[in-house]
Amino acid sequence: MSTKNETKSLSIWLILVSGMLTGMGNGSVFGAALMCLMGRGGFANWGGAAWTAYDPSTFTGFIDWAMIVFGIAFCGILYVGLNRHYKLETGAA
């Protein structure tokens with residue numbers, strides 16, 4: 001019984017690290033594709049370093065927030081997938 005709890009606690013780190021890495025990677029691809037399609041678009045300011053990089057009214061800030069949202073979404077997808085896997089695994093045992 002404790003082995004399954006240890007496995008679940010280890011999967012939290014798997015979900016956080018791999019979900020955020022994969023999601024933020026896909027978010028950056030989304031940002032690059034958006035930049036190729038519309039250039040600067042309606043964003044008056046390109047963005048910059050420090051806090052302006054996270055200001056969603058700038059292009060860089062919009063893409064940074066898109067990466068964060070994609071990362072959180074992938075964490076959710078991994079959480080649901082791993083929970084279903086554990087249910088199947090416990091049903092088979």
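A pairwise comparison of heavy atoms in Gly23 and Phe74 identifies CA-CD1, 3.5 Å as the closest pair. The two atoms that bring Phe59 and Gly31 nearest to each other are CZ-O, 4.2 Å, heavy atoms only.
Distance check: Asn26 CG to Ser28 OG gives 7.5 Å after rounding to the nearest 0.5 Å. Taken from OG in Ser18 to CG in Leu82, the straight-line distance is 8.0 Å, to the nearest 0.5 Å. Here Phe30 contributes atom CZ and Met24 contributes atom CE; the two are 14.0 Å apart, rounded to the nearest 0.5 Å. With rounding to the nearest 0.5 Å, the separation of CE in Met20 from CD1 in Ile68 is 6.5 Å. Here Ile15 contributes atom CD1 and Ile77 contributes atom CD1; the two are 12.0 Å apart, rounded to the nearest 0.5 Å.
Judged purely by atom type and a 3.5 angstrom limit, Thr58 uses its side chain to pair as donor or acceptor with the backbone of Asp55.
Val80 and Leu14 are members of different hydrophobic clusters when ILVMFWY side chains are connected at heavy-atom separations under 4.5 Å. One hydrophobic cluster, built from ILVMFWY side chains closer than 4.5 Å, cannot hold both Ile12 and Val17; they sit in different ones. No continuous path of ILVMFWY side-chain contacts below 4.5 Å connects Leu21 to Tyr79, so the two sit in separate hydrophobic clusters.
The shortest side-chain heavy-atom distance between Phe70 and Met67 does not fall under the 4.5 Å cut-off.
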